[in-house]
Amino acid sequence: MTVQRKTQDSGREHSGSGSLEDRVRALTTALVDGTTAVADQVHGLSDDEIHGIEYDQSAPLGDAYRCFLTLIGGGAGRFMQGSDVFYPRVIGLGEAARELLAENDVPFVLGASDRVILMHQGYQFDFLRGPVPDPEVWSYCEGEAPALSYARFTDWLQAHVTQQTRAWARLVPMYEVEKQKGPGERRLYFSRRHPDGSVTDEL
């Protein structure tokens, strides 16, 4: 599924109330809708796994991102399918992002407080910026300059949860119809191309 971008107003307040952890928990809970994910497909990470992610890049995790990793850092069904955002694929994203910038001769350097959290199909990535609990999310895509996408990580998460739960509710019934087709019938196939050039076939 294509990763979409939408710049958020940096002055906008969070919707709802409660702590940062409460907001992340509410958003990740919304993924368990029976289509995007079911309960046994939601995998949080252990402290050791989170430490591995933390030490992989020098930038801080940020409290909101750490909570995300604790709750669903190992994956959540179909959520963010097609992007490297979950453990263990998140390991090494900082280096991969720097290589991508260099390959494209982009005059931008990831700073000490920039943590890459997502790589999509080897040509675009998202990164946290700033040593704060709920940092900004910036994005880079080939042919464009890195730019602010969301004022807060929780805004990024909310946007993806909303977009993907709606999309999977529409797409999954279509997938199920394709699965029921016989050997001689024309079927639609969807595949994922990894940064190393390999392809994983998926319906």
Quiz item: Who are the side-chain hydrogen bond (donor to acceptor under 3.5 Å, both in side chains) partners of E21, not counting sequence neighbours?
Solution: R25

Practice problem: For D56, check side-chain hydrogen bond (donor to acceptor under 3.5 Å, both in side chains) against everything at least two apart and list the hits. | Solution: none

Practice problem: Please report the C-alpha distance between Q124 and M119 in whole Å, then the side-chain angles of each, then the deciding distance to 0.1 Å, and finally whether the side-chain contact (heavy atoms from CB on, under 4.5 Å) criterion is met. | Solution: CA-CA 6 Å; Q124 67 184 60; M119 178 75 74; over 6 Å; no

Practice problem: Applying side chain to side chain contact (heavy atoms under 4.5 Å, CB included), name anything that partners D33, two or more places apart in sequence or on another chain. | Solution: T35, T36, T165

What distance do [X] atom [atom1] and [Y] atom [atom2] have between them, rounded to the nearest 0.5 Å?
X: L118; Y: M80; atom1: CG; atom2: CE; answer: 4.5 Å
X: L93; Y: D84; atom1: CG; atom2: CG; answer: 6.0 Å
X: W138; Y: D126; atom1: CH2; atom2: CG; answer: 12.5 Å
X: E103; Y: Y123; atom1: CD; atom2: OH; answer: 15.5 Å
X: L27; Y: D155; atom1: CG; atom2: CG; answer: 9.5 Å

Quiz item: For residues 38-48, which residue pairs qualify under side-chain hydrogen bond (donor to acceptor under 3.5 Å, both in side chains), counting only residues two or more places apart or in two chains?
Solution: S46-E49

Return a table of donor-acceptor pairs under 3.5 angstrom between the side chains of residues 58-69 and protein atoms on other chains or two or more places apart.
unit_1, atom_1, unit_2, atom_2, d
R66, NH2, E54, OE2, 3.2

Quiz item: Do the ring planes of F79 and H160 sit parallel (below 30°), tilted (30 to 60°) or perpendicular (above 60°)?
Solution: perpendicular

Exercise. Kindly assign one of parallel, tilted or perpendicular to the pair W156 and F153, based on the angle between their ring planes and the thresholds 30° and 60°.
Key: parallel

Exercise. Assess whether atom CZ of R166 is packed by more than 12 heavy atoms of other residues, nucleotides or ligands within 6.0 Å.
Key: no

Self-check item: E142, CD: over 12 other non-hydrogen atoms inside 6.0 angstrom
Solution: yes

Quiz item: Would you call I50 and T70 a side-chain contact if the rule is heavy atoms closer than 4.5 Å?
Solution: yes

